[in-house]
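One structure is given here, and the rest of the page talks about it.
Numbers here are sequence positions counted from 1.
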Amino acid sequence: HKTVKDYISDQKMLLAGQILRDSNLSITMVADKVGYGNYSYFIKLFRKYYGMTPREFQKKEMKEKGENRA
């Protein structure tokens, strides 16, 4: 029961999470890649979706990757 706008936003956030997980791109580049030219707005939406900032998410994912390799 989502609007088209909400669905698209969710898909963008999932893609942003995947890009942050799988690359070393800057947050600005990720925001741009998923269609958000406004960095602050991207961070606001990302935090709402994931419960943390993109930087926190990226650090958490890097830490988990490191632990899984050990």
What side-chain donor-acceptor pairs closer than 3.5 Å can you find for residues 34-44, not counting sequence neighbours?
residue, atom, partner, partner atom, Å
Asn38, OD1, Ser40, N, 3.1
Asn38, OD1, Tyr41, N, 3.0

Handout entry: Parallel, tilted or perpendicular: ring planes of Phe57 versus Tyr50, cut at 30 and 60 degrees
Key =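 Ring orientation of Phe57 relative to Tyr50: tilted.
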
Handout entry: Qualifying residues under salt bridge (Lys or Arg N to Asp or Glu O under 4.0 Å), relative to Arg47, sequence neighbours excluded
Key =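 Counting only residues at least two positions away or on another chain, Arg47 forms no salt bridge (Lys or Arg N to Asp or Glu O under 4.0 Å).
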
Practice task
Please list, chain by chain and in numerical order, all residues satisfying salt bridge (Lys or Arg N to Asp or Glu O under 4.0 Å) with Lys60, sequence neighbours excluded.
Solution key: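 With neighbours one apart ignored, the set is Glu64.
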
Which donor-acceptor pairs under 3.5 Å do side chains of residues 7-30 form with protein atoms, sequence neighbours excluded?
residue, atom, partner, partner atom, Å
Asp10, OD2, Lys2, NZ, 2.0
Arg21, NE, Glu61, OE1, 3.2
Ser23, OG, Ile19, O, 2.7
Ser23, OG, Leu25, N, 3.3
Ser26, OG, Met29, N, 3.1

Problem - Pairs flagged by salt bridge (Lys or Arg N to Asp or Glu O under 4.0 Å) wherever residues 32-42 is involved - sequence neighbours left out - result: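 Of all non-adjacent pairs touching residues 32-42, none passes salt bridge (Lys or Arg N to Asp or Glu O under 4.0 Å).
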
